[in-house]
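The structure under discussion appears below in the form of structure tokens.
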Amino acid sequence: MQQIKQTIAASIVDAVQKINSEASLSADEVKSLLEYPPDPNMGDLAFPCFRLSKILRRSPVQIAEALAGQLSGGPIGSVEAVNGYLNIKLSDDYLTDTVLPEILAKKETYGSQTFGKGKKVVLDYSSPNVAKPFHIGHLGTTVIGHSLRKLHEFAGYDCFGINYLGDWGTQFGKLIVAYRLWGKKEEVEKTGVDALVALYVKINNEIKGDPEKGIPENKELADAARAEFHKLETGDEENLALWKWFVSISLAEYEKTYKQLGITFDSYLGESFYTDKMPAQVQKLRDMGLLKIDDGASIVDLSEYNMPPCLILKRDGSTLYPTRDIAAAVYRKENYHFDKAIYVTSAQQCLHFAQWFKVVELMGYPWYNELVHVPYGTVSLNGEKLATRTGNVVLLKDLFALAVEKVKGVVAEKNPNLENKDEIAEKVGVGAVVFYYLSNNRMKDINFVLDEALNFDGNTGPYVQYTYARTCSVLGKAGKVPDAAGKITTEEEAMLLKTLCRFGEKVVAAIEDYEPSVVTRFILDVASAFNRFYHNCPILSAEDEGTRALRLKLTEATKIVLGNAFDLICLAKTEKV
Ligand code: ARG
């Protein structure tokens, strides 16, 4: 549609110039004014003539009427002037002869853009905290982050994905103490992160005590944890070995989840990596006179910017989350030379990012405005009982496992002879969760209703995966598609192509707004246009060879566009469902 709009905009500019040769108007300006009419019966595109009124010194109604007669050819099928608007219908011939072959020729590159070429983006996403639960709250950063990465790659950017593991901090002191007190090697080897989280939860409970039951806080345990963390920080070998082991056990487990989602990272450099990179930045802050001592702690005062102070060093001199983020950003700029650095976290961290972005600006780093925080709303799970080994949180892997189990149940009942049942159930179960999540604007708080996400008849992952499988099945049955194909004759065929050709501009919009849900909604539009076409226009038993060939090509184009769009949102493609 981008190309179509460009061509139509150029024709409008020509037509305007015919009316008044002095009118200066750029094709880009006209392009940005083109709209989609609210009712497709009015046309496929509309051009409001109000802005031209001043330039041409006529009423919009007169202008629309004058222009309508001048426009024809190329993508323009017909034009009507209505109340100061030009309502334009696309030409069926153009759709058949230009749009369809383009999709079929470009295949997996169809919809891709070039505006990111030569630019680098680093994306910081997923980034769970080792030995703390990897829970459904991390679903957002993981799948939004990965989609943004895919989208940027599709626009030509060179992307670098960083999993900034929370692999440092006082929790490791606690974990070391807890492991030595209660942990068993075999248990940790067997159950991995679960065992670590259980130890972590246990020691936290012990430290807190339970005043209601008369159990006092355990200060000694807290002190012991602090001491062990201090030993870790100062290079104690035994503690370092334990820490490394905790991290590797956790990573191995996270990787299982990433594999289910088809996600990979270019770097797992976590918080620990930046330990020795912070002092230089703290010194710079001090040298620039930006640090203030407040009750013993070192802070950057941000009251001028209506924000609470950014904490740089605690009273005991230890560093904090913002300190590490500043050091990491400097390291990334110097080593990866990004043009844009994207951080995907829950909206609860908005202030944190606003604060340290401001500090980076005050430090005089010219790239401060290349830092982008992409927040998202909260996630909760409704109506499902999931074992909460870990306090009150639902683990992401448990949510996926439950979804897969439910899909297996449906398959056993409806399609027991399906080949590779387990593999398909896995793709559909995980896909349902991802699609449901990404169907919403990212800032919306989501209450997960798993049965809704799994509903094959709803606007869900299973429904769109099923639609994809349907295109595969039709094409599989068809054999070779003859080259010569007929022209579009039905409204359903035209609507399908008009929907497919909007893919490129959806990609652009999704990137501009950092909003993968634009792609998700587009996929639903395509699925609905395809299914309408499928039910109303016989494909394999079409009335003649030319129509059959055309419809098969439309089916193939749908498969291409759906497949490309699925790749952008971590949704697995299923040839069969
Ligand atoms: N580990 C953090 C958490 O789970 C998220 C890290 C986000 N990235 C960053 N550069 N701060 O809350």
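Ligands are counted one by one from 1 in listed order, and the atoms in each one are counted from 1 as well.
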Inter- and intrachain pairs under salt bridge (charged side-chain N to carboxylate O under 4.0 Å, His left out), touching residues 157-169, at least two apart: none
Write out all pairs satisfying salt bridge (charged side-chain N to carboxylate O under 4.0 Å, His left out) with one or both partners inside residues 362-373, taking only residues at least two apart or from two chains. K333-E370
Contacts of K174 that satisfy side-chain contact (heavy atoms from CB on, under 4.5 Å) - sequence neighbours left out: Y200, I203, N204, I207, A225
Taking the six-membered ring for Trp and the full ring for Phe, Tyr or His, determine whether the centres of F353 and Y343 are under 6.0 Å apart. yes
Donor-acceptor check, side chain of D398 to backbone of V394, threshold 3.5 angstrom: yes or no? no
Which protein residues have a heavy atom closer than 4.0 Å to any atom of ligand 1, listed by chain and number? D124, S127, N129, H138, Y164, Y321, D325, Y343, T345, Q349, F353
Could you label the plane-to-plane angle of the F448 and Y436 rings as parallel, tilted or perpendicular, counting under 30° as parallel and over 60° as perpendicular? tilted
